[in-house]
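Encoded as structure tokens, the structure appears first; notes follow it.
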Amino acid sequence: MTEHELTPREIVERLDKHIIGQGEAKRAVAIALRNRWRRQNVAKELAEEISPKNIIMIGPTGVGKTEIARRLAKLDNSPFLKIEASKFTEVGYVGRDVESMIRDLVELAINMVKSSEQESVKPKAAEIAEERLLDVLLPPHPVERRVEDLAGEKEEGGASEQPLPPDNTREKLRQLLHSGRLDNRFVDLEVADVRSSPMIEIFTSSGVEDMGLNIKEMFGNIFPQKKKTRRLKVPEALDILAQEEAQKLVDMDKVTKAAIEKVEQSGIIFLDEIDKIVGSDSAHGPDVSREGVQRDLLPIVEGSNVNTRYGMVKTDHILFIAAGAFSASKPSDLIPELQGRFPIRVEMDPLGREEFIRILTEPRNALIKQYIEMMATEGLTLTIKEEAIAEIAEMASVVNERTENIGARRLYTIMETLLDDVSFDAPDMVDKNVSIDAEYVRERLSDIVEDEDLSRYIL
């Protein structure tokens with residue numbers, strides 16, 4: 001079964017490996033992802049009419065909103081863009097326009113597809129690169145030079161040998177290259193000088209990133225790209241040549257077409273801080289443009305054509321996942337038209353002591369596992385006992401209650417403060433076994449946690 005055919009239950013199971021709790025949010029995104037597969041399997045005429053089920057996640061920072069969206073995109077190998085809604089301004093104000101996020105998403109998709117294509121042509125590129133390197137290694141008159149000299153194997157006082165025919169010389173060189181006996185030899189190679197490209201930015205209604213890059217390409221065609229000669233070891237030269245050949249072998253028209261289709265059919269945009277573009281009762285100051293941003297956002301979410309440097313992109317079937325704390329406002333404060341385009345509302349569960357214990361230990365990328373593996377690189381065996389983990393979770397919960405609630409992100413600040421001495425002294429420690437118990441945690445952190453002003457600055 002491919003990733004595109006995962007059932008909602010299987011999607012949730014995979015998300016569970018990385019994200020603790022938030023079952024309702026996982027169910028919502030799992031259904032939204034499965035609906036894409038369903039839409040692609042209905043009649044084409046009807047498929048065009050089926051809109052994505054966009055989602056609003058409601059909850060404070062650090063409860064897993066971004067991580068759910070990011071992991072969902074990885075499951076489906078979809079182009080994924082996370083952007084803060086507060087960065088956008090209404091047309092006419094200085095700042096980014098909402099269409100720029102579609103252009104950014106297309107750029108991401110182009111890079112994804114291009115990397116995939118380069119990977120597929122790698123064997124052929126390696127063959128061509130090898131031939132080019134052999135051309136560099138062979139002198140103008142190869143029959144006048146012995147291959148053993150190139151490999152640095154000429155013995156003093158040895159009997160002179162007859163020059164080899166050109167074909168034999170090339171094959172002998174190839175064998176030396178494959179065996180690694182030329183790895184320490186230097187060659188002079190002409191490579192593109194990327195620093196010689198001028199920086200050009202032009203502000204237009206379609207955005208600086210769009211028009212500016214086209215101008216840069218135009219100048220690139222007028223003035224040939226500068227090259228410089230670099231002295232490189234054979235393996236490094238081979239890598240550079242292989243990369244150049246892989247880029248030449250990739251059909252960019254095919255890449256562009258595939259990337260645009262990928263964006264249109266499976267793109268995911270995570271709009272964070274959407275509550276920040278909800279206007280307040282004040283008609284003065286920066287609030288005056290907030291409703292304008294919502295109105296600019298509406299056609300993108302509803303479905304429209306956006307002009308990019310790669311052509312027109314339809315946004316009808318891009319999945320939008322919005323998120324916000326909504327502490328000073330609520331989703332119903334959004335303009336009615338935009339509310340209607342986010343039919344699924346999910347309230348995220350707050351994280352407490354029990355969730356923190358699970359976050360520290362259960363996921364594949366759990367914080368405790370990360371620190372243990374990092375210390376292992378210093379030859380140090382770090383053991384963090386269960387009682388210590390429980391104490392860390394308790395302290396994180398207490399600090400979140402007393403100060404601003406930043407969810408699981410509090411665990412990062414607490415772990416860094418707790419293991420500060422161990423991280424600093426690890427390379428110089430004689431005793432390479434370190435055990436962290438509850439007493440050690442209390443000794444290091446209790447004073448900071450109890451002092452509310454201190455914990456605001458340190459934790």
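Note that the coordinates shown come from a computational prediction; the quantities given were computed from them, not determined experimentally.
Under the 3.5 Å distance criterion, the side-chain polar atoms of Ser116 are left unmatched by any main-chain donor or acceptor of Met112. With hydrogens and angles disregarded, no donor-acceptor distance shorter than 3.5 Å links the side chain of Thr256 to the backbone of Tyr310. Not a single donor-acceptor pair under 3.5 Å links the side chain of Gln22 to the backbone N or O of Met348. Side-chain N or O atoms of Glu273 include none that pairs as donor or acceptor with a backbone N or O of Ser86 at under 3.5 Å. Between the Arg345 side chain and the Ile58 main chain, no donor and acceptor come within less than 3.5 Å of each other. A donor-acceptor pair under 3.5 Å links the side-chain atoms of Arg444 to the main chain of Thr417, judged by distance alone. For Lys26 (side chain) and Ile19 (main-chain N/O), a donor-acceptor pair under 3.5 Å exists by modelled atom type.
Counting heavy atoms from C-beta on, the side chains of Ser51 and Glu302 never come closer than 4.5 Å. Looking at heavy atoms from C-beta onward, Asn77 lies in side-chain contact with Lys262 at the 4.5 angstrom threshold. Put simply, the side chain of Ile368 reaches to within 4.5 Å of the side chain of Met415, judged on heavy atoms. A 4.5 Å side-chain heavy-atom check between Glu337 and Arg295 finds at least one atom pair inside the cut-off. For the pair Ile277 and Leu297, the minimum side-chain heavy-atom distance is below 4.5 Å. Side-chain atoms of Val29 and Ile55, non-hydrogen and from C-beta on, do get closer than 4.5 Å to each other. Between Asp76 and Leu6 the shortest side-chain heavy-atom distance does not fall below 4.5 Å. You'll find the side chain of Glu416 stays beyond 4.5 Å of the side chain of Ser423, heavy atoms only.
Between Arg27 and Glu24, no side-chain nitrogen of the basic residue sits less than 4.0 Å from a carboxylate oxygen of the acidic one, so the salt-bridge criterion is not met. Taking 4.0 Å as the cut-off between side-chain N and carboxylate O, Lys122 and Glu119 count as a salt-bridged pair. Ion pairing between a basic and an acidic side chain is recognised when a charged N comes within 4.0 Å of a carboxylate O; Lys114 and Glu117 show no such pairing. Ion pairing between Lys432 and Glu378 fails under the 4.0 Å rule for side-chain N and carboxylate O. A salt bridge does not link Lys257 with Asp251: none of the charged nitrogens is closer than 4.0 Å to a carboxylate oxygen.
Among all heavy-atom pairs drawn from Arg409 and Gly62, the shortest one is NH1-N, 2.9 Å. Closest of all the heavy-atom pairs between Val121 and Ala246 is CG2-O, 3.9 Å. Nearest heavy-atom pair, Ser100 versus Phe88, reported as atom, atom and distance to 0.1 Å: OG-CE2, 3.8 Å. Considering every non-hydrogen atom in both Ala393 and Leu360, the closest pair reads N-CD1, 4.5 Å. For the residue pair Ala30 and Val12, the shortest heavy atom distance occurs at CB-CG2, 3.9 Å. Contact between Ser332 and Gln339 at its shortest, heavy atoms only, is O-NE2, 2.9 Å.
For the side chain to side chain contact (heavy atoms under 4.5 Å, CB included) criterion with Ile414, the lone passing option out of Leu445, Leu367, Ile458 is Leu445. A side chain to side chain contact (heavy atoms under 4.5 Å, CB included) with Ile56 is found for exactly one of Leu271, Ile344, Leu334, namely Leu334.
In this structure, Arg9 places its CZ atom where only 12 or fewer heavy-atom neighbours from other residues, nucleotides or ligands lie under 6.0 Å away. Within 6.0 Å of CD in Glu347 there are 12 or fewer heavy atoms belonging to other residues, nucleotides or ligands. At most 12 heavy atoms of other shown residues, nucleotides or ligands fall within 6.0 angstrom of atom CD in Glu261. Annotation for Gln370: atom CD counts as buried by contact number, over 12 foreign heavy atoms lying within 6.0 Å.
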TODO: Please step through side chain to side chain contact (heavy atoms under 4.5 Å, CB included) for the pair Arg103 and Asp97, ending with a clear verdict.
DONE: CA-CA 11 Å; Arg103 292 193 283 270; Asp97 64 293; 3.4 Å; yes

TODO: Go through Phe326 and Asp333 one step at a time and tell me if the side chain to side chain contact (heavy atoms under 4.5 Å, CB included) criterion holds.
DONE: CA-CA 10 Å; Phe326 287 99; Asp333 291 333; over 6 Å; no

Task: CA sep, side-chain torsions, deciding dist, call: Leu133, Leu189, side chain to side chain contact (heavy atoms under 4.5 Å, CB included) - done: CA-CA 9 Å; Leu133 185 62; Leu189 192 68; 5.5 Å; no

Open item on the list: The test is side chain to side chain contact (heavy atoms under 4.5 Å, CB included); show your working for Val441 and Glu394 and say whether it passes.
Closed with: CA-CA 11 Å; Val441 175; Glu394 177 63 32; over 6 Å; no

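Taking Glu355 as the reference, Leu351 meet the side-chain contact (heavy atoms from CB on, under 4.5 Å) condition, with sequence neighbours excluded. Taking the side-chain contact (heavy atoms from CB on, under 4.5 Å) definition, one finds that Asn35 meets it with Ile31, Arg38, Lys53, sequence neighbours left out.
Listed by first and then second residue, the salt bridge (Lys or Arg N to Asp or Glu O under 4.0 Å) pairs involving residues 234-247 are Arg132-Glu244, Arg132-Glu245, Arg230-Glu236, Glu245-Lys248 (not counting sequence neighbours). Applying the salt bridge (Lys or Arg N to Asp or Glu O under 4.0 Å) rule to pairs touching residues 359-370 yields Arg358-Glu362, sequence neighbours excluded.
The structure places CE of Met57 at 12.5 Å from CD1 of Ile274, a figure rounded to the nearest 0.5 Å. Note that CG of Leu418 is 9.5 Å distant from CG of Asp421, once rounded to the nearest 0.5 Å. For the atom pair CG (Leu241) and CD (Glu130), the distance works out to 11.0 Å, reported to the nearest 0.5 Å. To the nearest 0.5 Å, the span separating CZ on Phe270 from CD1 on Ile68 amounts to 8.5 Å. In this structure, CG in Asp104 is found 5.5 Å from CG in Leu81, a value given to the nearest 0.5 Å. Ile269 CD1 to Asn54 CG: the interatomic distance, rounded to the nearest 0.5 Å, is 10.0 Å.
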Side-chain donor-acceptor pairs under 3.5 Å in residues 401-408, sequence neighbours left out?
from, atom 1, to, atom 2, distance (Å)
Arg402, NH1, Val449, O, 2.7
Thr403, OG1, Val399, O, 2.6
Thr403, OG1, Arg410, NH2, 3.1
Asn405, OD1, Asn400, ND2, 3.4
Asn405, OD1, Gly407, N, 3.0

Between side-chain atoms of residues 311-322 and protein atoms elsewhere (two or more places apart, or another chain), which donor-acceptor pairs fall under 3.5 Å?
from, atom 1, to, atom 2, distance (Å)
Thr315, OG1, Ile300, O, 2.7
Thr315, OG1, Ser304, N, 2.9
Thr315, OG1, Ser304, O, 3.3
His317, ND1, Ile50, O, 3.2

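Side-chain contact of Gln265 with Arg39: a donor-acceptor pair under 3.5 Å is present, judged by distance alone.
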